[in-house]
Amino acid sequence: MKYVSEFRDGGLAGRLARAITAEACSGREYRIMEFCGGHTHAISRYGLRDLLPASIRFIHGPGCPVCVLPIGRIDNAIDIARRPDTILCSYGDTLRVPASGGQSLLKARAEGADVRMVYSALDALRIARAHPDREVVFFAIGFETTTPPTAVAVKQARDDNLQNFSVFCNHVLTPAAIQNILEAPAVRNLGTVPLDGFIGPSHVSTVIGSRPYEYFAAEYQKPVVIAGFEPLDVLHSVLMLVRQLNEGRFEVENQFSRAVTRNGNRKAQQAVADVFELRARFEWRGLGEVPYSALRIRPDYADLDAEHRFGLSYRSVPDAKACECGAILRGLKHPLDCKVFGNACTPETPLGSCMVSAEGACSAYFTYGRFQQTEKAS
Amino acid sequence: MKYVSEFRDGGLAGRLARAITAEACSGREYRIMEFCGGHTHAISRYGLRDLLPASIRFIHGPGCPVCVLPIGRIDNAIDIARRPDTILCSYGDTLRVPASGGQSLLKARAEGADVRMVYSALDALRIARAHPDREVVFFAIGFETTTPPTAVAVKQARDDNLQNFSVFCNHVLTPAAIQNILEAPAVRNLGTVPLDGFIGPSHVSTVIGSRPYEYFAAEYQKPVVIAGFEPLDVLHSVLMLVRQLNEGRFEVENQFSRAVTRNGNRKAQQAVADVFELRARFEWRGLGEVPYSALRIRPDYADLDAEHRFGLSYRSVPDAKACECGAILRGLKHPLDCKVFGNACTPETPLGSCMVSAEGACSAYFTYGRFQQTEKAS
Amino acid sequence: MTSGAKPGYVRPLNFRRGSVELAHGGGGRAMAQLIDELFMAAFDNPALRKGNDQAVVEPPPGRLVVATDSHVVSPLFFPGGNIGSLAVHGTINDVAMCGARPLALTAGFILEEGYPLADLRRIVESMSEAASAAGVSVVTGDTKVVERGKGDGVFINTTGIGVVPPGLELSGDRARPGDHVLVSGPIGDHGVAIMSLRESLGFEAPITSDSAALHELVAAMLDEVPQVRCLRDPTRGGVAATLNELSRQSGVGIVIREEALPIREAVDAACELLGLDPLYVANEGKLLAICPPDASERLLAVMRAHPLGSDAALIGEVIEDSHGFVQMETAFGGTRNVDWIAGEQLPRIC
Amino acid sequence: MTSGAKPGYVRPLNFRRGSVELAHGGGGRAMAQLIDELFMAAFDNPALRKGNDQAVVEPPPGRLVVATDSHVVSPLFFPGGNIGSLAVHGTINDVAMCGARPLALTAGFILEEGYPLADLRRIVESMSEAASAAGVSVVTGDTKVVERGKGDGVFINTTGIGVVPPGLELSGDRARPGDHVLVSGPIGDHGVAIMSLRESLGFEAPITSDSAALHELVAAMLDEVPQVRCLRDPTRGGVAATLNELSRQSGVGIVIREEALPIREAVDAACELLGLDPLYVANEGKLLAICPPDASERLLAVMRAHPLGSDAALIGEVIEDSHGFVQMETAFGGTRNVDWIAGEQLPRIC
Amino acid sequence: MCLAIPVEVLELKEDGAALVDAGGVRKTVDVSLVEGVTEGEFVILHVGFAISRLDRAEAERTLALFREMGLEGDE
Amino acid sequence: MCLAIPVEVLELKEDGAALVDAGGVRKTVDVSLVEGVTEGEFVILHVGFAISRLDRAEAERTLALFREMGLEGDE
Ligand code: SF4
Ligand code: SF4
Ligand SMILES: [Mg+2]
Ligand SMILES: [Mg+2]
Ligand SMILES: [Mg+2]
Ligand SMILES: [Mg+2]
Ligand SMILES: [Mg+2]
Ligand SMILES: [Mg+2]
Ligand SMILES: [Mg+2]
Ligand SMILES: [Mg+2]
Ligand SMILES: [Mg+2]
Ligand SMILES: [Mg+2]
């Protein structure tokens, strides 16, 4: 695949890795948070850790829109799906997320709710047109990448005057989450997990640009590299961070220059602005309530807003007691620090959100990294 | 089974048969029309013909409520069943009746219509209560026996203020049909099929009594015996007819004295009168339009009348060209006279109504009597 | 950094409240778990334990017999059994009807998403009990899960293999005019037991399904009367369908006597109530046997000596008839045709 | 009184416009007709023609092998085959994977009321062609019809029997550290071909299912390299599931090399698009072979000489590992776990 | 036509319902169309409704008639 | 996060749709969120939408950088 395979070249990977090894000072640690699960995934799937010197330490951030969805929101979605004559559509990732009482959308479907996996928000629109006698609700999740498509669907529904379609909006914002992590008492006050730099999600920045990170690169004096998701991109961004740290710089650099600009995609930003507005607060799984960290549908589109249409009320539900997702999402703990990792909590029976999506830190570690730990243990 | 097995005693059957043989004059024919398919069935199933002298000739009448349903009415029922969010309920017998274009309710069901077999009209009510969001239509068919139960269902629906239930009424009247047969030009003017006497359906008379037959026994000078459906009852009624004919009487006699009275079941008659009124005309398959031969729902219950509720319009559809059902139902022809009997028309692929129900003359003959004909041919 | 991670660990299936999920058929760990904790546990035997996609068995000498049936009964549980025991009995019987000793069964499950694991376990355990009681192992199997609304709880295919001792030749085409026709007991029990559970029919009958494995009855019969021409279990379509099949295969006619047919009163009554004919109602633990006339008395005696044939009866005989008609002498001395069922048997009102 | 009545006559099935009705499974004449006009016509062979509820076959000497699979693929038709050909290939492959020569198949159909007879005929004819091409007969079968909404068009169970020549011992528990792991060709084709038809995914790929019967490839392999330890077809759950099964059964670890895995570009691309991993995608005409290291070169040569193995590759080796982990050396020299699939593979957005 | 069988009323229930028996088969049916049904009586059952009472004495009389008739014609 | 891949725009269609290709896989997607997409261009595809343009020259520059970097460190 053009512009994919080239960035997976094992030979070039070796060269990048050697450059990192050469430049990383052996005396110090480079604590790098990859905010986004996509980077976590790439690190695990390609075994990048094996290529890098011990001084590079990755800390997995909260960057999986599925993992950060709080239980109460999944409960809401299940309630919608169980309404008579209702079809709930969502992306495949969300179907397995654990909700209250051992439920999930997949289980609700097994029990008779009409839950459909869609590939695109437009598929949900298509389903609504095909079933004029049913309520069709699109359970919208995702970061800034996924929000513009939802905006397009909302606008099309309005243009077509579709009466049986609505969106249950759970779109969240990356910069707010990163800021929250840096503002967390453990980080700021106690300094338990000193983070040296960030790998920023390139796909988000194709839409929002790199500029939104400039504020806290400066404010928190941490370098940020907007990085692509191919393994060479990740290695390259590590190298770029090592160089900034070695040089004492804390800039926003753009590794994914092939698709990210400083200002991002204005047209997509406009679509979002037309349809959505900031929520004053939103609960993130693991992070708790984060101010101005999510979007909701503007009052002009209230008829297309499932929260409004069905009078949904939100009830916060605490995570499983043993679950350390909160600490893991903040970079305070590692999956292996969780007592139930790999026994009560497995990808088949996830207790916490980090075990749900392949992007989740626990899931990625279970699937790709578990044997290493076992080898060390044995 | 009490009051069933006793009336199937083979020993007693022999005695009755011998009595008939002894009393039937060998010089003449006794042309007896069993109006009702139930008697046709009993004659075939128990092989009664083998027991009787050749001078007794049975002529199969139109007395199967399924067989007499015209194509247009089945078409209406299929149209109802195909409406979205509609459940059509009916007795098992009606599901296979051929409609226009090779259709039937069974085929409509196979193609996705929600058609349910019920054992009782009250089951249709139960289904309506269980599915408040669906229209539930009871496709009501049958003679005077089946009409009072439908009346009870309509009244209960009214009492319970059920909003999603209605009845597609196709109840027909026995005496009108018998009279039509006697009035048919072929019988009255041409005398093609001189009928000597009638075996009358006892179950109908449990409700309407024997009195309604008194008029044409006198008017047409034909004896009528109201007969039970067990084989001994049929033999007994043949004997009673032979005796009347030998003695030149033309009375209404009641062989089924164990459950039929002259006046019938007044309470059931009242229920019917409360809910139904006469139709000025109704098409019978095989007989054509017969005046005052069917019931419709009274205007007071118009909201429960599917014809009214769905604005059904009736379109008469001619039977398959080759089909001789009309002549067979009138006693003018025998199933074997039909060119397509047993080849294009079989119980699996019925072309005409007489092949549909096990009660139909063609079906009964195909199932129970065909081998005899073949034996004779070979 | 320490961890409680157990390699390959999975939380045990929740047989109390859990239900079948698509993952149980997805080829992953959930499927492996269902196979281990349910099927392997219930059917445990060396062939299955091997864990391969096929089983290897060492057959005794003789010709090999194979029979297959998919079971789709509804409801899945009924008086006298459930789809699990039925799936074992049905296929053992098809194997046994050619005189073979059943050796092994395969089991293919098609499960509907959402079906309760507790009920599935009851079904699998009944299967296992039925198989053990019959002395047959389930040596290999398969599990598929279909989306909710694309199945009906549980479908089970069983395929049976067996071995016919040399010299034995039973086949539906061997009936000859003059042969006698026997049935191993009262007919229609299974069908009536099932119908009594249909909500739309709503009646109660003191009838349990006759579901049973007949291979031992067959062995006893063939030991004593190896001349038996053919055996068949009158399942779907009832005795009428089976007699029509046999007469068609052999190119003969068959006459049965109504009075000789063993039928329980409640079966008769249920049929009257619904407008059905017991000749067309399914059986799952009965067989029809055709044998030369001089052997029928001995055969009847052997059958009656076996618990599954205690009410066996001689019900008719084979005649010459190129049309292959099946006829019945009624209790009145009349005769009527006993045709194949037309379409499915639907309860009638008239 | 004369009549055109033809004893036993039925109007031929309407294969143009007709559809499956409940009567086709009712045990009556309609069912007999479907069997005659469709199944018997397509699968014609002496055992089936006998018309019994079981088939008798004369096996050559050797141990008997039996394998069963129910097929529930959706959609029923796909590039490269349909459920009919798939049902034949799938079971032949399971029989062949222990080195057996397939002898006979059974076919159990579960049909949904309303399914078009025309499509059913296409399926049955594909089955018949696939079986003929493989030199295997469908010797007995079964047809059930379920109400509309209680099935999914057509489900087909096939059970296969075969015979393993004496001396051959293939089993998933025979892999030993040091053994080599081979695959017979590019992986993921079947799964991607199926997914490309899902309306909800909506993509086009120049990929056809690899559905094929592998018994001749297996025969060629075993002729030349009888030392093969085990063979298995990586169907549901893909290569990842099969390697995990084998490592579990044998109590060993397996390491494969990412760079050695044959994968077509379009399969790779489709997986990228959907967020899937080709290691977990189903194959229906591929096998994994494990053999002693000194035999792998010869084995690879034989495989490559066969049309169904022309792109065969040595992809890894068996190692000692009491945890039974499957690992992959990535193209980067890193290593990762290749675990069982968790749940079903769902397309991802993140 | 009009498949109907005699059943014995075992137990009267609410709303015009009754439990009836036919040869060991039991079913709850509607008896509201027949005036004054009592337990132990036989009724004629059709599509789940009693449509009339069965007069046991009359039934016996009819059977007796058959038997007598038989006697005359007996060989 | 945000699974997205570069695809080539083969053909622009009505209503903001376009046929795209990725390694031989073709799919109709929505390109209305990217200003002025032309045929032959590469875009980044996410949940059925192009969310940005891919700059081929930049991509080549990045790759060239990797290759140079390699040369320094090569054994
Ligand atoms: S292993 Fe499970 S419970 Fe533990 S932190 Fe991860 S997701 Fe939470
Ligand atoms: S055989 Fe068929 S077509 Fe002919 S009269 Fe009878 S029902 Fe009509
Ligand atoms: Mg719903
Ligand atoms: Mg409908
Ligand atoms: Mg069978
Ligand atoms: Mg069977
Ligand atoms: Mg059988
Ligand atoms: Mg399998
Ligand atoms: Mg298998
Ligand atoms: Mg298989
Ligand atoms: Mg296999
Ligand atoms: Mg069968």
Side-chain angles (χ1 to χ4, degrees), chain C residues 7-8 22-23 26-30 32 50-59 63-70 72 94-95 97-98 104 106 108 110 139-142 144 146 149-152 155 157 159 161 164 171-173 232 235-237 241 245 249 323-325 340-344, chain D residues 7-8 22-23 26-30 32 50-59 63-70 72 94-95 97-98 104 106 108 110 139-142 144 146 149-152 155 157 159 161 164 171-173 232 235-237 241 245 249 323-325 340-344:
Chain C
L22 286 175
R29 190 182 280 115
K50 272 276 197 179
N52 291 325
D53 280 354
Q54 69 290 114
V56 179
V57 287
E58 300 268 5
R63 284 155 308 147
L64 202 64
V65 168
V66 54
T68 194
D69 263 331
S70 295
V72 300
D94 276 347
V95 168
M97 290 304 134
C98 68
T106 67
I110 299 176
V139 292
T140 189
D142 178 53
K144 294 292 186 311
V146 294
K150 302 281 169 86
D152 195 14
F155 298 144
N157 175 283
T159 300
I161 54 176
V164 212
S171 174
D173 56 9
R232 188 158 301 169
T235 52
R236 263 184 301 177
E245 282 170 34
Q249 274 180 269
H323 296 304
F325 279 128
W340 297 88
I341 193 174
E344 10 147 37
Chain D
L22 286 175
R29 191 182 280 113
K50 273 275 197 180
N52 291 325
D53 280 354
Q54 69 291 114
V56 179
V57 287
E58 298 271 4
R63 283 154 308 146
L64 203 64
V65 167
V66 54
T68 194
D69 263 331
S70 294
V72 299
D94 275 347
V95 168
M97 290 304 133
C98 68
T106 67
I110 299 177
V139 293
T140 189
D142 178 54
K144 293 294 187 308
V146 294
K150 303 279 169 88
D152 195 15
F155 297 144
N157 175 282
T159 300
I161 54 176
V164 212
S171 174
D173 55 9
R232 190 158 299 169
T235 53
R236 264 184 300 177
E245 282 170 35
Q249 273 180 269
H323 296 305
F325 279 127
W340 297 88
I341 191 173
E344 9 146 37

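Quick note: numbers below take in every heavy atom, side chains included, and nothing from hydrogens, waters or symmetry partners. Residue numbers begin at 1 in each chain, while the letters A, B, ... track the order of the sequences.
Taking C:Thr106, C:Ile341, C:Asn52 one by one and counting their heavy-atom pairs under 4.5 Å with chain D, the maximum is reached by C:Asn52. Interface summary for chain D: among C:Ser171, C:Ala104, C:Gly237, the most heavy-atom pairs under 4.5 angstrom belong to C:Ser171. Options C:Ser70, C:Gly26, C:Gly51 differ in how many heavy-atom pairs under 4.5 Å they form with chain D, and the most are formed by C:Ser70. The choice from C:Val164, C:Asp173, C:Thr235, C:Val56 that makes the most heavy-atom pairs within less than 4.5 Å of chain D is C:Val56. Counting heavy-atom pairs closer than 4.5 Å to chain D, the top residue among C:Gly108, C:Ala32, C:Ala241, C:Cys98 is C:Cys98.
Contacts of D:Val146 with chain C are made by side-chain atoms alone, with heavy-atom separations under 4.5 Å and no backbone atom involved. Heavy atoms of C:Val57 lying under 4.5 Å from chain D belong to its backbone as well as its side chain. Contacts between C:Val66 and chain D at a heavy-atom distance below 4.5 Å involve backbone atoms as well as side-chain atoms. Looking at D:Ile161, the atoms closer than 4.5 Å to chain C (heavy atoms on both sides) all sit in the side chain, from C-beta outward.
When only modelled atom types and interatomic distance are considered, C:Asn157 and C:Thr68 share a side-chain donor-acceptor pair under 3.5 Å.
Looking at heavy atoms from C-beta onward, D:Phe155 lies out of side-chain contact with C:Lys144 at the 4.5 angstrom threshold. Side chains of C:Val95 and D:Gln54 form no contact here, defined as non-hydrogen atoms less than 4.5 Å apart. In this structure, the side chains of C:Val139 and C:Lys50 stay at 4.5 Å or more apart for every pair of heavy atoms.
Separating the CG atom in D:Asp152 from the CD1 atom in C:Ile110 is a distance of 10.0 Å, to the nearest 0.5 Å.
The two residues C:Ala30 and C:Ala23 have their closest heavy-atom pair at CB-O, 3.7 Å.
A salt bridge is absent between D:Asp94 and D:Arg232; no separation between the charged side-chain nitrogens and carboxylate oxygens falls under 4.0 Å.
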